[in-house]
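Report on the structure given below.
Residue numbering restarts at 1 for every chain, and letters A, B, ... go by the order of the sequence lines. For the numbers below, each heavy atom of this structure counts, side chains included, while hydrogens, waters and symmetry mates do not.
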Number of protein chains: 2
Amino acid sequence: MATIKDVAKKAGVSPSTVSRVIAGSNRISQETKERVRRAMEQLGYVPNAIARSLARSNTHTIGFTMCRRADQVFSNPFFPEAIRGMSAVAQEKDYNILLSISLTPEEELKKCLQLVRERRVDGLILSTSRVRDPLIEALVKENIPFVVIGRSADQPVRSVNNDNVKAGYQATLHLLDQGYRHIAYISGPQDLVVSMDRLTGYKQALIERDIPVVPERIEVAEISEEGGTQAMYHLREKGVPFDAVVAADDLLALGALRYAHEQGVHVPDELGIVGFNDTPIMSYTHPPLTSVRILSYQLGVEAMELLLEGLEHPEKAQTKKEILLPSELIVRKSSCPDRP
Amino acid sequence: MATIKDVAKKAGVSPSTVSRVIAGSNRISQETKERVRRAMEQLGYVPNAIARSLARSNTHTIGFTMCRRADQVFSNPFFPEAIRGMSAVAQEKDYNILLSISLTPEEELKKCLQLVRERRVDGLILSTSRVRDPLIEALVKENIPFVVIGRSADQPVRSVNNDNVKAGYQATLHLLDQGYRHIAYISGPQDLVVSMDRLTGYKQALIERDIPVVPERIEVAEISEEGGTQAMYHLREKGVPFDAVVAADDLLALGALRYAHEQGVHVPDELGIVGFNDTPIMSYTHPPLTSVRILSYQLGVEAMELLLEGLEHPEKAQTKKEILLPSELIVRKSSCPDRP
DNA sequence: CTGTTAGCGCCTTCAA
DNA sequence: TTGAAGGCGCTAACAG
């Protein structure tokens, strides 16, 4: 494998000259530039990224971390889509993406710190933010460039987020508009910021319409179909009547739908259902499920852009910046009694 | 950030001694080992992976490349699952995964060669193999360690594959066993090895049962729901009767189902449908769709293990090795007229 | 068992 | 406009 020295020799110049040609320095004669270029081509020379990283102490690599259990990966193209978005930007700006997948938040924290301390990455993109997230706290403390997909509930950090409060608000308002009055809510784990935010939106909508927020109508569940079904049974056991449910994730909505099937409850006439994420499954269920569509790809794009901007202009990196993306309610039969 | 020199100074030894402690050399006194360890801890020292890579000329990083259009990412957890598998093995053996996503095979080729030539990765895992795949040919030519998820139709390369021939065979035989006799086949793009293999299995099953293979019953389509629907219309236009269809991908099967809905064809009574991949969607359609389940996670695990084995024992890396994983037919209503 | 020395391949002053 | 020299942080002979 040819090195910079080989090229230098072949072109009859010094290695530093070659280095300058690579860097596109303009303080170099057109002629030697050409000569070096030819030598590079002839030798099939490609700069060694590792050596360059060592010399410049940056890697042009971004770490992307996700932390989720197997059953949550299923059926939700959020991550693949977000990654595609990040990847598109990364490619354009000549960055690479290092993937880190963990099963628990503790593992995630460990692996991320490892990546950074080993200097394998220039920055990180996180994808699941928790309330009082130790990972975020550690990264802030070690002063590591990072961007959160989601948002931090505690610290001013750079983030790109779906407007979950509004999404929860929209979903709930839609059900109200459809005539539902007793709307239950199935939340994901309470330590997830996204769960909190959607719940906030739900409450906002109710309050705005002068409908009391009944705590018994709010159920917390693991994000899984099973979790959704169980939550519905819990709601029923509590004896509070409800005629619709906002489920903070499509999987939970699927669980609610299963409950309805098991119990012979008619959707949407007796029970309206709305989910979040608009996973492809949603349009194939019976009835098809209304869901809030998230701009996953765009989230990835914006996150990567925000991070790279911070890396290339460190002065900006210090300023908090939260990008908020809109989401769109995809209305289907599960929330519309009057539809054919 | 502390370097090996700082540690050496603090422990009162030479950098090479520290290096040996890191490497876990046993030609070192227990006492200095302890002293060095303490120094490392006190300084919060973590070896710089880049510097180490440069010195040892390896990166402990594996590139994973995928090439697919946006619409194919949707709904199919194959990639996330395979990545989870690869990641689990990588973590255990202390490797990292660099992700490369491309939109076209040409782009994929370029990016992979770039990664390798820049020495960013020690090896590659490919995920879509084509007939006469230029990427595979280039990697073989440049003598780069890699493993294919899928298989090469042309060259002896190390690969981990789902047994697609058998899967196609199983799917078709199942339809025959259910009483269908005129079985059509919707293939994905013909340059994909996986398309070829599944078709082979289809033919095998027919031949084994002395049923003629009618070329007009075989249709090629882009892998998308739309492609599946169109293929069905084409089949109908050709005028060859058919009472069932094997669709080489779940999306194609969904398209076939849509055709049936549009045309008022009853599934499974008038038309049996089988798909491949068992994407989560399949159990939510009406009727639920029979599909061949792929061991995506396991494919990722085996691919990474195979690659790392080759990297750590270069003598083995030369030998061709094809791992074949079984798949399982998940039978649902779409292929069973007699089911409730 | 430990230190010295010489790279790994590139970048970046500093001089010329 | 170019070259020489030193360094990025670590490893790997070779001595001792």
CG/Leu54(B) to CG/Asn48(A) distance, rounded to the nearest 0.5 angstrom? 6.5 Å
Check whether the side chains of Thr61(B) and Asn96(B) place a donor and an acceptor atom closer than 3.5 Å, and report yes or no. no
Quick one: which of dT4(C), dA12(D), dC8(C) gets closest to the side chain of Arg56(B)? dA12(D)
Whole-Å distance, Leu54(A) CG to dC8(D) P, equals 9 Å
Please tell me which of the listed nucleotides, dT1(D), dT11(D), dT4(C), lies nearest to the side chain of Arg27(A)? dT1(D)
Describe the nucleic acid contact of Ser16(B) in one word from base, sugar-phosphate, nothing, applying a heavy-atom distance below 4.0 Å. base
Judged by modelled atom types alone, do Ser14(A) and Thr17(A) share a side-chain donor-acceptor pair under 3.5 Å? yes
Between P of dC10(C) and CZ of Arg120(B), the distance in whole Å: 13 Å
For Lys9(A) and dC10(C), give me the distance from atom NZ to atom C1', rounded to whole Å. 16 Å
Under 4.0 Å, counting only non-hydrogen atoms across every strand here, what does Ser53(A) touch: a base, just sugar-phosphate, or nothing? nothing
Rounded to the nearest Å, what distance is computed from the NZ atom of residue Lys5(A) to the P atom of nucleotide dG3(D)? 15 Å
Salt-bridge test for Lys93(A) and Glu305(A): reply yes if a basic N is under 4.0 Å from a carboxylate O, no otherwise. no
Is the phosphate of dG9(C) approached by Thr3(A) (side-chain N or O, under 4.0 Å from OP1 or OP2)? no
Per Pro47(B) side chain, nearest of listed nucleotides dC10(C), dG3(D), dC10(D): dC10(D)
Does Arg20(A) reach a base, just sugar-phosphate, or nothing at all? Heavy atoms under 4.0 Å. base
Candidates dT11(D), dG3(D), dC1(C) - which lies nearest the side chain of Ala55(B): dT11(D)
Which sits closer to the 5' end of DNA chain C, Ile28(B) or Ala51(A), going by the nucleotide each is nearest to? Ile28(B)
With distance as the sole criterion, do the side chain of Ser19(A) and the base of dT12(C) form a donor-acceptor contact below 3.5 Å? no
Nearest of dA12(D), dG3(C), dC10(D) to any side-chain atom of Arg52(B)? dC10(D)
Under 4.0 Å: is that the gap between some side-chain N or O of Thr17(B) and OP1 or OP2 of dG3(C)? yes
State whether a side-chain donor-acceptor pair under 3.5 Å links Gln91(B) with Glu107(A). yes
Using a heavy-atom cut-off of 4.0 Å across all strands, would you classify Val18(A) as base, sugar-phosphate, or nothing? nothing
